[in-house]
> 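For reference, the structure I am asking about is given below.
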Amino acid sequence: MTVARAFSPQVPSVQFDPLTCLHYPTSEEEIVQLVQYAASNNLQVRVIGSGHSVREAILSTASNAINISLEQYRKVTSNSDGTFTVQAGCCLGLDAPEPWENTFFYQLQQLAQAVPDMGGVTHQAVGGFTTMGCSGGSLQYAYTDSIVGISLVDGQGVVRSYTRGKDPEFEAVLVSMGLMGITSTLTFKPNDAFNIIGSETCYSLNDVNCPIDFFGPGTPDKPSLEQFMRQTEYTRLMWWPQKGAERIVVWKAQRMTAEDYTTLGMTPENFQPKQYLEFPVVLGSQIPAQIVASLFYQLSAGWPTLVNLIQDPLLRAEITLLIDLTYGPCILPFVIDQFAPVYTGDAPPTETPQLEIPQGVFSDEVRIVEFGKNTGGESMRGAAAQGSAGRRAAGGPVLRLLRPDAPTSADSIRVTSVAIDLWKDVLARMPNVSTHLPKLQSLLSERGLTLPRYYHIHVPSDVLGELQPGNRTAPPDTTGKQEFWDSWYRGLPMDNDVSDFLMPTEFTELWIPLEKTQEVMNKLRDFYDQGGLGATGSYSCEIYAAKADELWLSPAYKQDVVRVDVFWFHDLFRDEAALKAFYQQYWELLKEYGFRPHWAKYMPGGDMGPAYLALRYPQWNQFLALRAKMDPKQLFVTDYWRAALGIPQDNA
């Protein structure tokens, strides 16, 4: 979609947005003009992509830097030799800011073609997803296996093209974090389109009936985790290690065979998908459950800051103690169980006990919890917000607690037609919470205080765009287990339904040689057992694999890997220091296994910086030498990347 904008004061032929300071080239020639202007004036150049990576990895904050968006450079061309040439700004697939019909995967599907594998989400741009070394969860297939050519604009404004199997530089430039040049086009040799079939099951860690030996070497009838990942076409695990939860959710899938179609009573021609659902469905949508999860994580992550607002030191200390007594042992395991219930077969769920409403704790006062938008104020934050994710620019919602008669934002919609009852609908369902309420009642009553009992929730209307009345007629799956079958482009990106606004999540991802899987899993389990909530956090950890490749700076270079992806909910307080301190534990813990960090996610520094990385990548020095040749003026080198790779100031 072409959008009319003003023209750049630096390169008048190129469109420019003065609010975000982004340039919008519409052709390769305009990209060349921007780079040549930057080279002539010694300015930095970076491309924003979808805004999905860590913010510092994307943009340049240098004075007069040329920051580029390729959202108007998205053409897909089907070639006579069966390949597809894709302009780098083209979005991959579903959940992109562009219509589905304009994405790369749509073009492939129309011609019964597919890429072999895909990551968990597909709103990224093709160029950014590729150059940052992203990957799906498979040891049998890899997204980059289908890429046979790349063209980029180097630091002198020269278009360079490389072909797999012909040009040795191909393996150097494909994963280069934008440091070799601006990716212009990528050429794919796709596979035939396929459908997948699979299941997701939540296992308790101590379940003897679990078919995977998560922490051991495996047995003849129960594979080790390494063996399971080797023999399963597509898989990922979500580990909830918190005390009282201790479970792993196993998502697995395979390409459908003739036998699978027969079992389902279908053929490829009359295929009817059954979609994977990451969240419980309410009113036909997964959004309401995400609203609840978002509210919980916003409050749980920010409670120390909120409690510190209490002026009375005794009350503040007592409230802190009550939270410590209830959050880890009672509240957190209960919440996890709502979103990841353990599979126990077909036994009926137990009924929630009916408890009396404690007197004196709650008033009948009604409050409104509003999810307001945090748009940020800096121009570069505004630029990042132009991406389809924008999570690191906006930081997710800002919570506001309002009285019902208080004015709310014009773009907000009330989600709860009937107010949520804090006791009946929430606390009474949490085991053992009620035993602590008399103490809370005493603390509050001494000061003439009560808690509002009823709440409404307001959410921005565009977040609720997909919320429609449900009409599901199929019976629900067994608790803790679901089966699904779907097309490749919708089934493999299993996280596409997660709202970036409601669930703004950060990541650090460590790629470790696959043969060390058992050691790593046991190391993590011991770390969780000994460290408690400070080690586990309130979120999950993702475990999956990636196939070895020949790309010089790919974290899977010449080795199959297991990947430890640690999540952090980026709450409304956005405590960057706390985030990095939390991740530092994992970096120190797993350093002995020689991990390679994902380039698009949070990376360690210090003694795990350039000197450490140079030992992990056999082609490290060759990469830096080629980078210096292709970008002699260091147009693409920001302070972030200079520190990450140890690039000297003089490019020597």
> Check salt bridge (Lys or Arg N to Asp or Glu O under 4.0 Å) between R616 and all other residues, then give those that pass, not counting sequence neighbours.
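Partners of R616 under the salt bridge (Lys or Arg N to Asp or Glu O under 4.0 Å) test: none.
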
> Cation-pi check for W511 against R563: NZ or CZ below 6.0 Å from the six-membered ring centre and within 45 degrees of the axis, yes or no?
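Judged by the rule (NZ or CZ under 6.0 Å from the ring centre, within 45° of its axis), R563 counts as positioned above W511.
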
> Have a look at F104 and tell me which of Y143, F129, F188 forms a ring-ring contact (aromatic ring centres under 6.0 Å, His included) with it.
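So, applying the ring-ring contact (aromatic ring centres under 6.0 Å, His included) to F104 and each of Y143, F129, F188, only F188 qualifies.
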
> Taking only residues two or more places apart in sequence, or in another chain, which ones meet P211 in a side-chain contact (heavy atoms from CB on, under 4.5 Å)?
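side-chain contact (heavy atoms from CB on, under 4.5 Å) check on P211 returns Y203.
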
> With side-chain hydrogen bond (donor to acceptor under 3.5 Å, both in side chains) as the test, would you mind laying out the steps for N195 and Y261 before giving the verdict?
CA-CA 10 Å; N195 296 317; Y261 286 108; 2.9 Å; yes

> List for me each residue that meets salt bridge (Lys or Arg N to Asp or Glu O under 4.0 Å) alongside E278, sequence neighbours excluded, and say none if there are none.
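Salt bridge (Lys or Arg N to Asp or Glu O under 4.0 Å) check on E278 returns R236.
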
> Tell me whether the guanidinium CZ or amine NZ of K481 lies under 6.0 angstrom from the six-membered ring centre of Y343 and within 45° of its axis.
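Yes.
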
> Evaluate the criterion salt bridge (Lys or Arg N to Asp or Glu O under 4.0 Å) for residue pair K274 and D477; output intermediate values, then yes/no.
CA-CA 11 Å; K274 180 177 185 280; D477 288 320; 2.9 Å; yes

> My understanding is that only one of Y539, F582, F507 makes a ring-ring contact (aromatic ring centres under 6.0 Å, His included) with W568; could you say which?
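Result: among Y539, F582, F507, F582 is the only option passing the ring-ring contact (aromatic ring centres under 6.0 Å, His included) with W568.
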
> Ignoring hydrogens and geometry, is there a side-chain-to-backbone donor-acceptor pair from R490 to D486 under 3.5 Å?
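Not confirmed, R490 side chain does not pair with D486 backbone.
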
> Please report the interatomic distance CD(Q286) to CD1(I291), rounded to the nearest 0.5 Å.
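The distance works out to 12.5 Å.
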
> Quick check for you: to the nearest 0.5 Å, what is the distance between H123 atom NE2 and H52 atom NE2?
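That separation rounds to 5.0 Å.
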
> Identify, with sequence neighbours excluded, every residue that meets side-chain contact (heavy atoms from CB on, under 4.5 Å) alongside Q338.
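Partners of Q338 by the side-chain contact (heavy atoms from CB on, under 4.5 Å) criterion, ordered by chain and then number, come out as F334.
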
> Take L108 and F84 through the test side-chain contact (heavy atoms from CB on, under 4.5 Å) and record every step on the way to the result.
CA-CA 9 Å; L108 287 179; F84 289 76; 3.7 Å; yes

> Can you pull out every side chain to side chain donor-acceptor pair (under 3.5 Å) where at least one residue sits in residues 212-222? Sequence neighbours excluded, please.
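Every pair satisfying side chain to side chain donor-acceptor pair (under 3.5 Å) with a residue in residues 212-222: T219-D221.
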
> Closer than 4.0 angstrom, basic N to acidic O: yes or no for D145 and R164?
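Judged by the 4.0 Å cut-off on N to carboxylate O distance, D145 and R164 do not form a salt bridge.
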
> So, does Q109 use its side chain to make a donor-acceptor pair with the main chain of A193 at under 3.5 Å?
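Judged by distance alone, no pair lies under 3.5 Å.
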
> Please identify which of these residues, L551, I147, L92, meets the side chain to side chain contact (heavy atoms under 4.5 Å, CB included) condition with T130.
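That would be I147.
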
> Determine, stepwise, if the pair R247 / D337 fulfils salt bridge (Lys or Arg N to Asp or Glu O under 4.0 Å).
CA-CA 10 Å; R247 64 198 64 186; D337 199 50; 2.8 Å; yes

> Output every pair passing salt bridge (Lys or Arg N to Asp or Glu O under 4.0 Å) with a member in residues 251-269, not counting sequence neighbours, ordered by first then second residue.
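Checked against salt bridge (Lys or Arg N to Asp or Glu O under 4.0 Å) - neighbours excluded - no pair reaches residues 251-269.
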
> For Y602 and E576, what are the C-alpha separation, side-chain angles and deciding distance, and is it a side-chain hydrogen bond (donor to acceptor under 3.5 Å, both in side chains)?
CA-CA 11 Å; Y602 277 86; E576 197 81 4; 2.4 Å; yes

> List the residues meeting side-chain contact (heavy atoms from CB on, under 4.5 Å) with A548, not counting sequence neighbours, and say none if there are none.
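Testing A548 for side-chain contact (heavy atoms from CB on, under 4.5 Å), a comparison that skips the adjacent residues, returns D560.
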
> What distance do Y234 atom OH and I197 atom CD1 have between them, rounded to the nearest 0.5 Å?
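Answer for the OH-CD1 pair, Y234 versus I197, is 14.0 Å.
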
> Is there a donor in the side chain of S135 and an acceptor in the side chain of D117, or the other way round, less than 3.5 Å apart?
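There is no such pair between these side chains.
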
> Please check: side-chain N/O of Q585 versus main-chain N/O of G534, any donor-acceptor pairing under 3.5 Å?
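Yes; at least one donor-acceptor contact below 3.5 Å.
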
> Does any N or O in the side chain of Q290 come within less than 3.5 Å of the main-chain N or O of F279, such that one atom is a donor and the other an acceptor?
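No, the answer is negative, given that no donor and acceptor are paired below the 3.5 Å cut-off.
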
> Are the side chain of W599 and the backbone of A57 linked by a donor-acceptor contact shorter than 3.5 Å?
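Not a single qualifying donor-acceptor pair exists.
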
> Going by distance alone, is a donor N or O of one side chain under 3.5 Å from an acceptor N or O of the other, for W587 and T508?
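W587 vs T508: donor-acceptor pair found between side chains.
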
> Apply side-chain contact (heavy atoms from CB on, under 4.5 Å) to V433 and list each qualifying residue two or more places apart in sequence or on a separate chain.
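Counting only residues at least two positions away or on another chain, V433 forms a side-chain contact (heavy atoms from CB on, under 4.5 Å) with C330, I331, L427, M430.
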
> Quick check: does any side chain N or O of D192 sit under 3.5 Å from a backbone N or O of Q113, one acting as donor and the other as acceptor?
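Looks like no, no N/O pair under 3.5 Å.
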
> State whether the side chain of S146 and the backbone N or O of T144 hold a donor-acceptor pair below 3.5 Å, judged by distance alone.
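Checked: no pair found.
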
> Let me confirm one number: the CD-CD distance from E233 to Q254, rounded to the nearest 0.5 Å.
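Output value for this atom pair is 5.5 Å.
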
> Tell me if the aromatic rings of F595 and Y612 count as close, with their centers under 6.0 Å from one another.
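Yes, close enough.
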
> Who pairs with E246 by salt bridge (Lys or Arg N to Asp or Glu O under 4.0 Å), at least two apart in sequence or on another chain?
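By the salt bridge (Lys or Arg N to Asp or Glu O under 4.0 Å) rule, E246 matches no residue at all.
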
> Under the 3.5 angstrom rule, does the side chain of S300 hit a backbone N or O of F296 as a donor-acceptor pair?
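Yes, because the side chain of S300 sits within donor-acceptor range (under 3.5 Å) of the backbone of F296.
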
> Applying salt bridge (Lys or Arg N to Asp or Glu O under 4.0 Å) as the test, list every pair that has at least one member in residues 195-206; sequence neighbours left out.
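Residue pairs passing salt bridge (Lys or Arg N to Asp or Glu O under 4.0 Å), neighbours aside: none found.
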
> Indicate yes or no for a side-chain donor-acceptor contact from Y583 to the backbone of V566 under 3.5 Å, with no hydrogens or angles considered.
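Indeed, once roles are kept as given, a pair shorter than 3.5 Å links the two residues.
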
> Are a donor atom and an acceptor atom from the side chains of Q584 and E588 found within less than 3.5 Å of each other?
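There is such a pair between these side chains.
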
> Nearest 0.5 Å, please: how far is OG1 in T517 from CZ in F214?
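The OG1 atom of T517 is 13.0 Å from CZ of F214, to the nearest 0.5 Å.
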
> For Y276 and F484, I'd like to know if the aromatic rings sit close, meaning centre-to-centre distance below 6.0 Å.
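Yes, the ring centres sit under 6.0 Å apart.
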
> CD1 of I196 to CE of M256: how many Å apart, nearest 0.5 Å?
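Output value for this atom pair is 10.0 Å.
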
> For this output row, return yes or no: ring centroids of F105 and W488 closer than 6.0 angstrom.
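Centroid separation for F105 and W488: below 6.0 Å.
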
> Between R230 and E226, does any side-chain N to carboxylate O distance fall below 4.0 Å?
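Here R230 pairs with E226 in a salt bridge, since their nearest N and O are under 4.0 Å apart.
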
> Are a donor atom and an acceptor atom from the side chains of S538 and Y327 found within less than 3.5 Å of each other?
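Yes, side-chain donor-acceptor contact under 3.5 Å.
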
> Set out, in order, the CA-CA distance, both residues' side-chain angles and the distance that settles side-chain contact (heavy atoms from CB on, under 4.5 Å) for W240 and I248, then state yes or no.
CA-CA 6 Å; W240 297 90; I248 294 183; over 6 Å; no

> Tell me, please, which residues at least two apart from D565 pass salt bridge (Lys or Arg N to Asp or Glu O under 4.0 Å).
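Result, salt bridge (Lys or Arg N to Asp or Glu O under 4.0 Å) vs D565: K601.
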
> For the residue pair N270 and T267, confirm or rule out a side-chain donor-acceptor distance under 3.5 Å.
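N270 vs T267: donor-acceptor pair found between side chains.
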
> Using the ring-ring contact (aromatic ring centres under 6.0 Å, His included) criterion, which residues pair with F228? Sequence neighbours excluded.
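By the ring-ring contact (aromatic ring centres under 6.0 Å, His included) rule, F228 matches no residue at all.
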
> Quick one: do F194 and W485 satisfy ring-ring contact (aromatic ring centres under 6.0 Å, His included)? Show the steps, please.
CA-CA 11 Å; F194 57 92; W485 42 90; over 10 Å; no

> Could you check whether any side-chain N or O of Y544 sits under 3.5 Å from a backbone N or O of M229, counting only pairs where one atom can act as donor and the other as acceptor?
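Not a single qualifying donor-acceptor pair exists.
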
> Is it true that W100 and Y106 have ring centroids separated by less than 6.0 Å?
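Judged by ring-centre distance (under 6.0 Å), W100 and Y106 do meet the cut-off.
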
